[in-house]
Every structure is written in C-alpha cells, then in structure tokens.
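In what follows, a structure is listed as structure tokens, so that the remarks can point back to it.
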Amino acid sequence: MPSRDQCHKWKLNMKNVLEDPNGFKSFQEYLKKHEKDCEKEEGEFTRYTDFWKECQEYKKINGSDQEQIAVEIFNKYLDYEAKKKIEIEDSDNTIKTLRMKLFNHKEGDPPTDLKIVFDEVEYCMIQYLDRGRGCSKAYKDFCKDLKPDKKFPRFQCRLM
C-alpha cells in the first residue's frame, strides 16, 4: 500500500506514478487487471508502461549497443507498423525527428544523443495520456482507488 505522500503525488500526474518504482508497479498491475475487466486485448493499455520502462532501461546503457537498442524500441512502439504501437502527442513531428536521428546516421558522424530524443517522446506520450487518451481513463480510475497505508496515521496535536 502506498503512503499518504505517495498517493498525493501519484494523483497529481501520471509522470509521478511512472517515476516512482512502487507507483509504476502498482499502475502496471492495475492496467493488467483493467485490460481483463474491460475484455481488452492483452497489452492494450500496458504497452504505454512497457514503452516507458524500456526507455528508462535504455537511458542507462552506454556503448556500442545504444543505437541498435534505440532502433528496436522505435520499431516496437513508434514505427507506423509497430507491434505495440503507442500514440503520442504531436506524433508526426516527434517521430519524424527520431526517425531522422536513428536512420540518417552515417559512419564518422558524431553520435546522436538519442537519450534526449527519447525524453521528448516520453514527454509527448504523457501529454497524450494526460489529455484523456489511451489508458488515461484507467489512470483516473487508478487514482480513485488509491488508498494510503494506514500503518502511519497522521500525527495530530491538540492544544488546550
């Protein structure tokens, strides 16, 4: 169960949920249950959290594998025919920019900082979800169902 502070932060915006490991895990589990309850295809809502998680893991990678992994993430979630296609705000421009940085790289060119580009894509995804699309209804329901851990009651002081 989340603390009172966690509940408050998670209700403020989806980014707070995604950035908190406990929030991410709780929301991911909620989405899986929500997919079953709504009789949606597996991954219909969780593809957004899957994308977020893969981007976070990608940002920790250094070395020669970076570009290959970035292309894999792009093909899996952002390409026109992606298996787990996610929708994002301002998708045409954002995806076009990322595609150019990924696929127009020539040998000898300075390496592109794709981590920053994925930051932009994550931001666009959150904007899309915050505007009431994708799994955002599930996020609102998740927030309604949040109950803080009762182990730590609020301290009350009464002056006489």
Side-chain angles (χ1 to χ4, degrees), residues 6 8-146:
Q6 284 176 312
H8 176 71
K9 285 175 83 174
W10 296 354
K11 288 179 181 183
L12 289 176
N13 62 53
M14 188 175 295
K15 186 174 182 183
N16 291 342
V17 173
L18 296 173
E19 289 179 342
D20 181 320
N22 292 330
F24 181 89
K25 182 179 176 186
S26 296
F27 187 51
Q28 181 88 347
E29 289 170 3
Y30 186 88
L31 288 176
K32 287 176 183 178
K33 182 183 177 304
H34 190 69
E35 285 172 346
K36 287 178 185 175
D37 292 347
C38 294
E39 297 178 5
K40 294 285 186 181
E41 185 177 321
E42 185 178 330
E44 179 73 22
F45 298 132
T46 55
R47 61 188 164 162
Y48 291 93
T49 51
D50 293 342
F51 171 73
W52 176 272
K53 184 176 182 179
E54 285 193 40
C55 285
Q56 298 309 302
E57 291 170 3
Y58 170 76
K59 291 176 191 176
K60 296 174 187 173
I61 297 171
N62 291 313
S64 60
D65 293 340
Q66 267 186 309
E67 200 166 324
Q68 178 187 348
I69 294 170
V71 168
E72 289 172 9
I73 292 171
F74 179 86
N75 289 337
K76 189 175 186 180
Y77 295 100
L78 300 168
D79 194 29
Y80 299 117
E81 296 178 4
K83 289 185 228 173
K84 295 177 89 175
K85 177 115 175 94
I86 64 164
E87 300 296 328
I88 61 173
E89 203 65 24
D90 193 26
S91 64
D92 290 339
N93 290 331
T94 306
I95 292 173
K96 183 178 176 181
T97 301
L98 182 56
R99 183 179 276 116
M100 284 177 33
K101 290 187 179 196
L102 280 174
F103 299 108
N104 293 340
H105 181 76
K106 296 176 186 157
E107 194 172 324
D109 285 349
T112 304
D113 191 355
L114 297 171
K115 293 177 184 183
I116 293 171
V117 177
F118 277 112
D119 283 341
E120 293 171 24
V121 175
E122 288 174 331
Y123 174 78
C124 291
M125 179 193 79
I126 288 172
Q127 292 299 307
Y128 176 82
L129 296 174
D130 281 344
R131 286 189 170 62
R133 300 175 184 117
C135 64
S136 62
K137 183 185 179 321
Y139 168 67
K140 289 177 185 172
D141 293 343
F142 169 75
C143 289
K144 285 180 194 172
D145 292 348
L146 280 175

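The structure displayed is predicted, hence computed values, not measured ones.
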Side chains of residues 11-19: which donor-acceptor partners sit under 3.5 Å, not counting sequence neighbours?
| residue | atom | partner | partner atom | Å |
| --- | --- | --- | --- | --- |
| Asn13 | OD1 | Lys15 | N | 3.1 |
| Asn13 | OD1 | Asn16 | N | 2.9 |
| Asn16 | ND2 | Lys9 | O | 2.9 |

Could you tell me whether the side chain of Glu35 and the main chain of Gly43 form a donor-acceptor pair under 3.5 Å? yes

Step by step, work out the side-chain contact (heavy atoms from CB on, under 4.5 Å) result for Tyr30 and Asp145. CA-CA 10 Å; Tyr30 186 88; Asp145 292 348; 3.4 Å; yes

Output for pair (Leu129 CG, Gln127 CD), nearest 0.5 Å, gives 9.5 Å

Could you pull out all residues at least two apart from Ser26 that satisfy side chain to side chain donor-acceptor pair (under 3.5 Å)? none

With a cut-off of 3.5 Å and sequence neighbours excluded, list every side-chain donor-acceptor pair involving residues 81-89.
| residue | atom | partner | partner atom | Å |
| --- | --- | --- | --- | --- |
| Lys84 | NZ | Asp50 | OD2 | 2.7 |
| Lys85 | NZ | Leu78 | O | 3.2 |
| Glu89 | OE1 | Arg133 | NH1 | 2.8 |

Using 0.5 Å steps for rounding, measure from the CD1 atom of Ile126 to the CH2 atom of Trp52. 4.0 Å

Identify the residue among Glu54, Glu72, Arg47 that makes a side chain to side chain donor-acceptor pair (under 3.5 Å) with Tyr77. Glu54

Verdict with supporting geometry, Phe51 and Ile73, side-chain contact (heavy atoms from CB on, under 4.5 Å): CA-CA 8 Å; Phe51 171 73; Ile73 292 171; 3.8 Å; yes

Thr49: partners by side chain to side chain donor-acceptor pair (under 3.5 Å), with sequence neighbours left out: Gln28

Excluding sequence neighbours, so at least two apart, what forms salt bridge (charged side-chain N to carboxylate O under 4.0 Å, His left out) with Lys59? Asp119, Glu122

Check side chain to side chain donor-acceptor pair (under 3.5 Å) between Asn93 and all other residues, then give those that pass, not counting sequence neighbours. Asp90

Among residues at least two apart in sequence or on other chains, which ones pass salt bridge (charged side-chain N to carboxylate O under 4.0 Å, His left out) with Asp20? none

Please identify each residue that fulfils ring-ring contact (aromatic ring centres under 6.0 Å, His included) with Tyr128, with sequence neighbours left out. none

Could you work out, with side chain to side chain donor-acceptor pair (under 3.5 Å) as the rule, every residue matching Asp79, not counting sequence neighbours? Arg99

Suppose we screen for salt bridge (charged side-chain N to carboxylate O under 4.0 Å, His left out). Which residues come up paired with Asp65, at least two apart in sequence or across chains? none

Ring geometry between Phe118 and Tyr58 (parallel below 30°, tilted from 30 to 60°, perpendicular above 60°): perpendicular

Would you please name every residue forming a salt bridge (charged side-chain N to carboxylate O under 4.0 Å, His left out) with Lys137, sequence neighbours left out? Asp141

Looking at side-chain heavy atoms only, is the closest gap between Phe27 and Trp10 below 4.5 Å? no

In short, salt bridge (Lys or Arg N to Asp or Glu O under 4.0 Å) pairs touching residues 25-34 with sequence neighbours left out are Lys33-Asp37

Answer yes or no: is there a side-chain heavy-atom contact under 4.5 Å between Tyr123 and Thr94? no

Hey, what do you get for CZ (Phe45) to NE2 (His34), rounding to the nearest 0.5 Å? 4.5 Å

